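Below is one structure; the comments refer to it alone.
Keep in mind that this is a model prediction, so the values were computed, not measured.
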Amino acid sequence: MDDNSEFLRRRVTELRLQKKVSELQMSHDLGKNDGYIHQITSGRIKPSMDNFFEICEYFTVTPAEFWDRENLYPHQIRELVDCLKKLPPETVQAFITLANYIPPVKG
């Protein structure tokens with residue numbers, strides 16, 4: 001299995017767990033058969049482009065956010081960016097300075 005396929009499987013699982021829904025519930029929410037999401041997360045199938053876009057919409061992430069391997073929490077990151085956009089430059093710089101003092105997540 002190639003790296004992108006493995007990432008797709010893991011990312012669907014990560015975002016599904018963050019949303020706190022089961023594979024079965026997600027399959028139903030998307031209007032698919034009971035095992036659809038399990039088939040994706042087990043590597044048995046890959047979603048079509050249309051289905052991939054539906055999955056992104058379900059998680060309320062853009063395709064770019066979905067594939068951003070460094071963005072572990074796309075919803076929170078987008079919320080933070082939206083807040084920062086409303087602040088004056090010196091306050092944004094203060095957040096950058098603060099963020100540089102916080103140790104990164106080990107992973």
Task: K19 atom NZ: more than 12 heavy-atom contacts under 6.0 Å - done: yes
Open item on the list: With a 4.5 Å cut-off on side-chain heavy-atom distances among I, L, V, M, F, W and Y, is there a chain of contacts connecting Y73 to L15?
Closed with: no
TODO: Kindly compute the distance separating CD1 (I55) from CE (M26), expressed to the nearest 0.5 Å.
DONE: 5.0 Å
Open item on the list: Give me each pair satisfying salt bridge (Lys or Arg N to Asp or Glu O under 4.0 Å) with a member in residues 53-81, each pair once, sequence neighbours excluded.
Closed with: D3-R69, K32-E54, E65-R78
Open item on the list: With rounding to the nearest 0.5 angstrom, report the CG to CD1 distance, D29 to I37.
Closed with: 9.5 Å
- [ ] Tell me who clusters with V81, hydrophobic residues only, linked when side chains sit under 4.5 Å apart either directly or through other members.
- [x] I77
Open item on the list: With heavy-atom distances below 4.5 Å as the criterion, would you say the side chains of N71 and F66 are in contact?
Closed with: no
Task: Cluster check L84, L98: I/L/V/M/F/W/Y, side chain < 4.5 angstrom - done: no
Open item on the list: So which atom in G43 and which in R9 form the shortest heavy-atom distance, rounded to 0.1 Å?
Closed with: N-NE, 3.5 Å
Open item on the list: With a 4.5 Å cut-off on side-chain heavy atoms, are P47 and F53 touching?
Closed with: no
Open item on the list: Minimum heavy-atom separation for N33 and S27, please, with both atom names.
Closed with: O-CB, 3.2 Å
Open item on the list: For a 4.5 angstrom cut-off between non-hydrogen side-chain atoms, does M49 reach P63?
Closed with: no
Task: Atom pair OG1 (T13) and NE2 (H38), whose distance is rounded to the nearest 0.5 Å - done: 10.0 Å
TODO: Provide the full list of ring-ring contact (aromatic ring centres under 6.0 Å, His included) pairs with a residue in residues 6-32, sequence neighbours left out, each pair given once.
DONE: F7-W67
TODO: Working to the nearest 0.5 Å, report the span between CZ of R16 and CZ of F59.
DONE: 7.5 Å
- [ ] Quick one: pull up CD in Q39 and CD in E23 and give me the separation to the nearest 0.5 Å.
- [x] 10.0 Å
TODO: Could you list all the ring-ring contact (aromatic ring centres under 6.0 Å, His included) pairs where at least one residue sits in residues 77-104, not counting sequence neighbours?
DONE: none
Task: salt bridge (Lys or Arg N to Asp or Glu O under 4.0 Å) contacts in which one or both residues fall within residues 88-101, not counting sequence neighbours - done: none
Open item on the list: Hydrophobic clustering (ILVMFWY, side-chain heavy atoms < 4.5 Å, transitive) - are I96 and I102 grouped together?
Closed with: no
Open item on the list: Using a 4.5 Å cut-off between side-chain heavy atoms of Ile, Leu, Val, Met, Phe, Trp and Tyr, which other residues end up in the same hydrophobic cluster as L24?
Closed with: none
Open item on the list: Within this structure, what is the CG-OG distance for the pair L17 and S22, rounded to the nearest 0.5 Å?
Closed with: 10.5 Å
